[in-house]
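Quick notes on the structure that follows.
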Amino acid sequence: MTESNMETVLHENRVFNPPAEFSRKSHLKSMDEYKALYKRSIEDPEGFWAEIAKELHWFKPWKQVLDASEKPFFKWFTGGKTNICYNAVDRHALGPNADRKAVIWEGEPGDNRVLTYKELYHEVCRFANTLKSLGIGKGDTVAIYLPMIPELAVAVLACARIGAVHSVIFAGFSAESIKDRVLDGRSKMVITGDGGWRRGSVLELKSIVDKGVADCDCVEKVLVVPRNANGDRFDCDMRDGRDVWYDEAGKDQPDECPCEELDSEDLLFLLYTSGSTGKPKGIMHTVGGYSVYTYLTAKYVFDLQADDVYWCTADVGWITGHSYLVYGPLQNAATIVMYEGAPNHPDPGRFWDIVDKHQVTIFYTAPTAIRAFMKWGDDWVDKHDLSSLRLLGTVGEPINPEAWMWYHRKIGKERCPIVDTWWQTETGGILLSPLPGVTPTKPGSATLPFFGVDAAILNPDGEEVETGLLSIRKPWPSILRGIWGDPERFKKTYWCNWNGEYYFPGDGARRDKDGYFWVVGRVDDVVNVSGHRIGTAELESIFVEHPSVAESAVIGVPHEIKGQGLVAFVLLKGDDSEGSDALRSELNAMVNEKIGKFARPEKIIFCADLPKTRSGKIMRRLLRDIATGNALGNVTTLADPSVVESLKGKYKD
Ligand code: PRX
C-alpha cells in the first residue's frame with residue numbers, strides 16, 4: 001500500500017448523504033433496509049441467494065445452492081441448468097423489452113450503431129451459428145481480440161450461448177501476450193478484427209494476431225470481423241484454410257440458435273490477470289454463480305431502472321467490461337453505451353460529448369480517467385450539458401479524495417451519488433460499494449460490503465485489526481473457481497493465510513469507526529497502473545532476457561494520473577553502471593513486444609548494485625523509499641549499506 005494514499009485517506013472525514021430525491025426512486029432506499037437484507041444474506045446465504053437466483057431463468061432448478069465440500073473449490077447452484085446469454089438477451093428480446101435499446105455504440109470517428117434487444121438477439125444467434133459452422137462447440141475455448149465494436153459484446157454472448165469458453169484478450173496486448181494466453185487456454189479459434197480506431201489511427205489487430213498465433217498448434221480458425229458495418233474493409237492478410245471473414249461466413253447463417261442448457265458450474269470464461277509471479281493466470285468463472293452475482297450487483301449498485309442509459313467506459317478486455325458493460329447490465333435489460341476510442345479524441349471533451357449526445361444517466365469509469373480530465377481542464381467539461389447524469393461510479397484503484405471531490409462537483413454537479421466499487425478479476429463482481437440510494441459516502445472509501453460479503457481486516461494471525469489485510473470470510477456466488485491448469489497456485493495465492501479459511505485478495509485496507517472500508521492498495525508485488533494490473537515479476541523477467549542485463553527490480557511508485565507508475569532498477573552485466581538511452585529504448589521495446597505499451601516503466605535506472613539482504617533478497621521497500629523520497633526505513637539488514645546512497649544519487653539525476 002502506498003503511504004501517500006494512506007495518509008490522505010486517514011484525514012478524510014467528509015460525509016455525503018444520498019440525495020433524498022435519488023433515494024425516493026431507488027431500488028433500495030434506506031440504511032435500515034440495507035442492514036436487514038445484509039444480515040439475512042450473512043446469516044442465511046443459501047436462502048438469500050436462492051431467492052435472488054429465482055429472478056433469473058433456469059432450464060432446470062438447482063439441487064444445492066452452495067457446495068463447500070471441496071473447499072476452496074466452491075460450487076454454486078449445483079445441478080441447475082441455465083445460460084447467461086438467455087438471461088442477458090433472450091429474456092428481454094422475447095418479452096416486452098424486445099424494442100428497448102440494448103446497445104448504443106459510438107465509433108471514434110463519430111459513427112453510431114444502435115441494437116435493440118431483438119436485434120441483439122438475432123446478431124448473437126447469427127454469430128453463434130457461425131461459430132458452430134466453424135467447428136466450435138460446448139467446452140471449446142475461443143480467444144477474442146477485438147476493438148470495442150458491438151461485435152465484441154456479440155462474440156462474448158455468442159460463446160456463452162453455445163457453451164464455448166471465451167478468453168478475451170485486451171486489444172492493447174502484444175502478439176507475445178496473445179500467444180501465451182492462446183496456448184495456455186488451448187484456444188481453438190481466435191476472433192479478431194480488421195482494425196479499430198484509436199486516437200485517429202487504425203489498430204492493425206489482424207497482423208498482431210498472425211504473429212501471436214504463428215506457433216499455436218491449437219488454433220484452427222481465425223475469424224476476422226470487419227470494423228465497418230457498411231461492407232468496407234481494412235486491408236489485412238488472410239491465410240487460406242485458417243482465416244475466415246465474419247461477414248462472409250455469417251451472412252447466410254440463420255438468426256435463430258437455441259441456447260445450450262449449461263450446467264451451473266460449466267466454465268463460462270477465462271480471463272488472464274497478473275499476479276506476483278511471472279506468468280499471468282487464467283482466472284476461471286462459471287455460469288450460474290457469476291450470472292446471479294453480476295445480475296444483483298448491477299441492479300443494486302447501479303440502481304438500474306427502465307429508462308437508464310448506462311455507460312461503463314471499461315474495455316471488454318478487462319473484468320469490468322465483462323461484468324459491468326456486458327453481463328450485469330444486460331441481465332437487467334439496461335441500455336448500455338459502448339465507445340470505441342480514446343477519451344481525448346478529437347479533444348478532451350469527448351466523453352462529455354457522448355454523455356450529452358446519448359443522454360447517459362449512469363457513468364462508470366476509473367480514477368485514472370478522472371485525474372486525466374482534471375488535468376485537461378474544466379473548460380472541456382463546461383462545454384457540455386451533463387444534466388442527464390444521475391449516478392457516477394469508479395473502479396480499478398483507490399480514488400484520491402481530491403479526484404472524488406472533482407468528480408462530485410464538476411461531473412455530478414453535487415447531485416449524483418458516487419459509487420466507489422472495490423472488486424477484482426477474481427471476485428467476478430463488486431464486493432465493497434455504497435448503494436447509491438442508501439449509503440452515505442466518504443471520498444476515498446468503498447464504504448460497506450455488498451450482500452453476502454463477509455469482509456474483515458485481519459492481521460497475519462487472523463485477528464481483526466483496524467489496519468491490515470483485507471479478507472473475505474464467506475464464499476459468494478461469483479468467486480473465482482480456480483486458476484486454469486494450476487489448482488496449487490490457486491490455493492497458494494488466495495487461501496494461504498488464516499488456515500485457508502478466508503479468501504485473501506492481496507489488498508491492504510483500513511476500517512473506520514463506522515465500519516467503512518478504505519482500500520489502500522496491493523500488499524503484494526502487483527502494481528496498478530491506470531487501473532491495469534501488472535506484476536513486477538513480469539517486467540523483471542523480460543529485462544533479464546536482454547543480453548546486457550544481469551538483474552532487475554521493478555517497483556510501483558505513486559503517479560499523478562496513473563495512480564501508480566513503474567520504476568525499474570536495472571543492474572547491467574560487467575562493470576557498466578551507466579547504461580545508455582539506446583539500451584533504455586531496447587528495454588522499452590521489449591516490454592512493448594512482450595506485454596504491450598501500457599506496461600512500460602516511467603523510468604529505467606541503470607545501477608551498479610541493488611540493495612540486498614545478507615541472504616541475497618532485494619529490498620524493494622528501500623527502492624520504494626528512494627523513489628518516493630521518503631526517509632529510508634530500517635537498513636540494518638542490508639548486506640552493503642553504501643548501495644542505497646549511490647542509488648539515491650542516481651535516482652535524483
Ligand atoms: O488493488 C485493488 C484494485 O484493483 C485490484 C483488482 O484489479 P483487477 O483484477 O484488474 O480488477 C480491476 C477492476 C475490478 C484490486 O485488488 N481496486 C479495484 N477497485 C478498487 C481498487 N482499489 C481501491 N478501490 C477500488 N474501488
Side-chain angles (χ1 to χ4, degrees), residues 1-2 5-6 8-9 12 168 170 172-173 270-276 280-285 293-294 297-298 301 312-325 327-328 364-370 392-401 403-404 407 418-434 441-450 453 455 457 469-472 478-480 483 493-494 503-510 516-535 538 556 562-564 598-599:
M1 78 188 76
T2 64
N5 271 342
M6 193 61 183
T8 326
V9 296
E12 182 54 61
V168 184
F170 169 59
F173 275 114
L270 294 177
L271 184 58
Y272 286 81
T273 189
S274 295
S276 7
K281 41 197 180 181
I283 302 301
M284 297 160 65
H285 283 289
Y293 198 80
T294 52
T297 42
V301 174
C312 162
T313 66
D315 194 292
V316 179
W318 308 108
I319 191 68
T320 307
H322 282 60
S323 303
Y324 299 111
L325 177 56
Y327 287 126
Y364 188 36
T365 197
T368 185
I370 297 167
L392 305 174
T394 88
V395 60
E397 48 172 322
I399 180 163
N400 46 314
W404 196 102
Y407 201 29
I418 296 179
V419 287
D420 173 357
T421 62
W422 175 87
W423 59 295
Q424 309 178 296
T425 307
E426 292 88 337
T427 67
I430 295 165
L431 297 196
L432 301 177
S433 172
T441 51
K442 303 183 188 183
S445 170
T447 73
L448 298 169
F450 191 73
V453 176
I457 314 267
L469 305 171
L470 184 57
S471 79
I472 317 291
S478 65
I479 188 169
L480 79 161
I483 295 177
T493 311
Y494 306 107
Y503 171 80
F504 172 53
D507 279 345
R510 180 175 71 89
Y516 276 37
F517 288 85
W518 301 75
V519 179
V520 276
R522 306 283 313 184
V523 293
D524 54 8
D525 292 320
V526 171
V527 179
N528 206 325
V529 179
S530 304
H532 303 326
R533 257 162 82 166
I534 299 166
E538 281 175 72
K562 299 178 181 176
Q564 280 188 291
F598 65 90

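Whatever order the structure lists ligands and atoms in, that order sets their numbers, starting from 1. Computed from a predicted structure; not experimentally measured.
Every atom of ligand 1 with a heavy atom of Trp423 under 4.0 Å away is listed here by number and element: 6 (C), 14 (C), 15 (C), 18 (C), 19 (N). If you number the atoms of ligand 1 from 1 as listed, the ones under 4.0 Å from a heavy atom of Thr320 come out as 13 (C), 14 (C). Each of the atoms 13 (C), 14 (C) of ligand 1 lies under 4.0 Å from some heavy atom of Val395. The Asp420 neighbourhood of ligand 1 comprises atoms 25 (C), 26 (N), with distances under 4.0 Å to a heavy atom of that residue.
Scanning the protein heavy atoms around atom 9 (O) of ligand 1, the nearest turns out to be Thr425 OG1, 2.5 Å. For atom 5 (C) of ligand 1, the closest non-hydrogen atom of the protein is Asn528 ND2, 3.9 Å. Nearest protein neighbour of atom 10 (O) of ligand 1, counting heavy atoms only, is Arg533 CD, 3.4 Å. In terms of protein heavy-atom proximity, atom 1 (O) of ligand 1 is nearest to Asp507 OD1, 2.8 Å. Ranking protein heavy atoms by distance to atom 25 (C) of ligand 1, first place goes to Glu397 O, 3.5 Å.
For Gln424, heavy-atom contacts with ligand 1 shorter than 4.0 Å involve the backbone as well as the side chain. Counting heavy atoms under 4.0 Å from ligand 1, residue Pro398 touches it through both backbone and side chain. Only the backbone of Thr421 comes within 4.0 Å of ligand 1, judged by heavy-atom distances.
Summarising the geometry, atom NZ belonging to Lys562 is positioned 11.5 Å from atom CZ belonging to Phe598; distances are rounded to the nearest 0.5 Å.
At least one cation-pi condition fails for Lys281 and Tyr272: the charged atom is not both under 6.0 angstrom from the six-membered ring centre and inside a 45 degree cone around its axis.
Salt bridge status for Glu426 with Arg533: present, with a side-chain N to carboxylate O gap under 4.0 Å.
For Tyr364 and Thr320, the side-chain atoms include no donor-acceptor pair closer than 3.5 Å. One side chain, Tyr324 or Thr297, offers a donor N or O that lies under 3.5 Å from an acceptor on the other. Looking at Thr421 and Ser433, their side chains never bring a donor and an acceptor atom within 3.5 Å of each other.
Taking the six-membered ring wherever Trp is involved, the centroid distance between the rings of Tyr494 and Tyr503 falls below 6.0 Å.
Between Phe170 and Trp318, the ring-plane angle classifies as tilted under the 30° and 60° cut-offs.
Of the polar atoms of Gly396, at least one N or O is found under 3.5 Å from an N or O of ligand 1, judged by distance alone.
For the ring pair (Phe, Tyr, Trp, His ring centres under 6.0 Å) test with Phe450, the passing option among Trp423, Tyr293, Phe517 is Tyr293; the others fail.
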